[in-house]
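Labels below follow one simple rule: chain letters A, B, ... track the order of the sequence lines, proteins then strands, and each chain is numbered from 1.
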2 protein chains.
Amino acid sequence: MGEKAAVRSRLLPVLGEVFRSYGYEGTSVARMTAATGAGKGSLYNAFPGGKEEMAQAVLASIDRWFETAIFLPLRDEPSAPQAIRHMLAQVETYFQSGQRICLVGLFALGDERDRFAIRIRHYFAGWQSALTQALVRAGHSHTAASTLAEEAIASIQGALVQARAMQDTTLFPRALSRLAARLLPVSLSEQPVTTLSHKGE
Amino acid sequence: MGEKAAVRSRLLPVLGEVFRSYGYEGTSVARMTAATGAGKGSLYNAFPGGKEEMAQAVLASIDRWFETAIFLPLRDEPSAPQAIRHMLAQVETYFQSGQRICLVGLFALGDERDRFAIRIRHYFAGWQSALTQALVRAGHSHTAASTLAEEAIASIQGALVQARAMQDTTLFPRALSRLAARLLPVSLSEQPVTTLSHKGE
DNA sequence: GTCTATAAAGCGATAGAC
DNA sequence: GTCTATCGCTTTATAGAC
């Protein structure tokens, strides 16, 4: 069982990229074997539930990554502005300046929303909640913070759609730097966002 | 030929909703026949290029609708604020308060982006250009208007993703009313956009 | 012009050799 | 545990009756 879990976690990142590239319906087992190098037998041994279990596991691993890398710092980091800057830097890296899409957002738009509703909702709600907390600690009222968080998440998701539609690699970083200006107090947002690579949590 | 075009335009709206519901890969000919009531023969008679031609035609019809209903007023309406209010009202209706997704945005995120790149880009670029023109007429500098237009389109696309992810029907109208506050001068934005319950932030 | 029957290919998933 | 062969089933697309 421990061995199976090791194989799963080795396959998960690759499977994630396949789902990202082709969507849920467009991802075939043939494409998975091509991308992972593993045979059908290995894939079904690691994920007896087949394609659906693979997608569920991929979504869960994405959720875990965001939880530890972004949400947790947003909730716990003593300096709220630093946590927010950290979020923006992590988001820029994770989405590769807009050249990598958000799989959760893709599934949210499609028919897959119903199948993966709980995980999709959990991801967006977790982000909203964590960012709201950071904004409250940064001095905003709760209602203002909640609104601002909602706007920020929509801006990120929208910029990912827009950047891919326009095939403009400058668009997503531009959206993030505007976001920095809106989320951070003026005196603090003067530090450039993109260049500060992981100031830590 | 004229008859064929009539059949096409009768089928297009239904095919559009099927693509919206199931995505490009998820849309099968069987689902099309079920939704339209037409047999496979009729579908392939109207669209000899099959599924791809159908999707191209759907995207073209969406683009035409936005062009006449939204982009053209944004460019030509003498009162720029009125054109912008008109845009927001049309967007709210078209996307059914966020319960209907943007097919162009869905295709932009997926693998379909490459196949339909020109049309997808044309849709987003046309919107960006028309809204920028309206904002310039409303008194913004060209660079400010361009930035604001980019932000507005991202906010709309992002709010559609977010609304579906959270399954929250109040989210999209809320995003639109915030947008009204940002795009319109204060004195003019006091007029309600639709029946908006939120006066802004 | 619209239908049904059918073809050829690909799909997810399983079985069984090793 | 990993592979290949294979099973049903569905897919897109075509052919031909009407």
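- What separates CG of B:Asn45 from P of D:dT12 is a distance of 18 Å, to the nearest Å.
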Which parts of nucleotides 6-13 of chain C does protein reach within less than 4.0 Å, heavy atoms only, written one letter per nucleotide 5' to 3' as B for base, S for sugar-phosphate only and - for none?
-> B----SSB
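- The distance from atom CG of B:Leu11 to atom C1' of C:dT2 is 12 Å, rounded to the nearest whole Å.
- By the side-chain contact (heavy atoms from CB on, under 4.5 Å) test, A:Ser61 pairs with A:Leu12, A:Arg64, sequence neighbours left out.
- Atom P of nucleotide D:dT2 and atom NZ of A:Lys4 are separated by 11 Å, given to the nearest angstrom.
- Residues passing the salt bridge (charged side-chain N to carboxylate O under 4.0 Å, His left out) test with A:Arg20, sequence neighbours excluded: A:Glu17.
- A:Arg174 is linked by a side-chain contact (heavy atoms from CB on, under 4.5 Å) to A:Asp168, A:Thr170, A:Leu171, A:Arg178, B:Glu150, counting only residues two or more places apart in sequence or in another chain.
- In this structure A:Tyr123 satisfies the ring pair (Phe, Tyr, Trp, His ring centres under 6.0 Å) test together with A:Phe66, A:Trp127, sequence neighbours excluded.
- Residue contacts for B:Ala38: at a heavy-atom cut-off of 4.0 Å it reaches the sugar-phosphate backbone alone, with no base atom in range.
- Residues meeting the salt bridge (charged side-chain N to carboxylate O under 4.0 Å, His left out) test with B:Arg119, sequence neighbours left out: none.
- Taking a cutoff of 4.0 Å between a charged side-chain nitrogen and a carboxylate oxygen, B:Glu77 and B:Arg85 do not qualify as a salt bridge.
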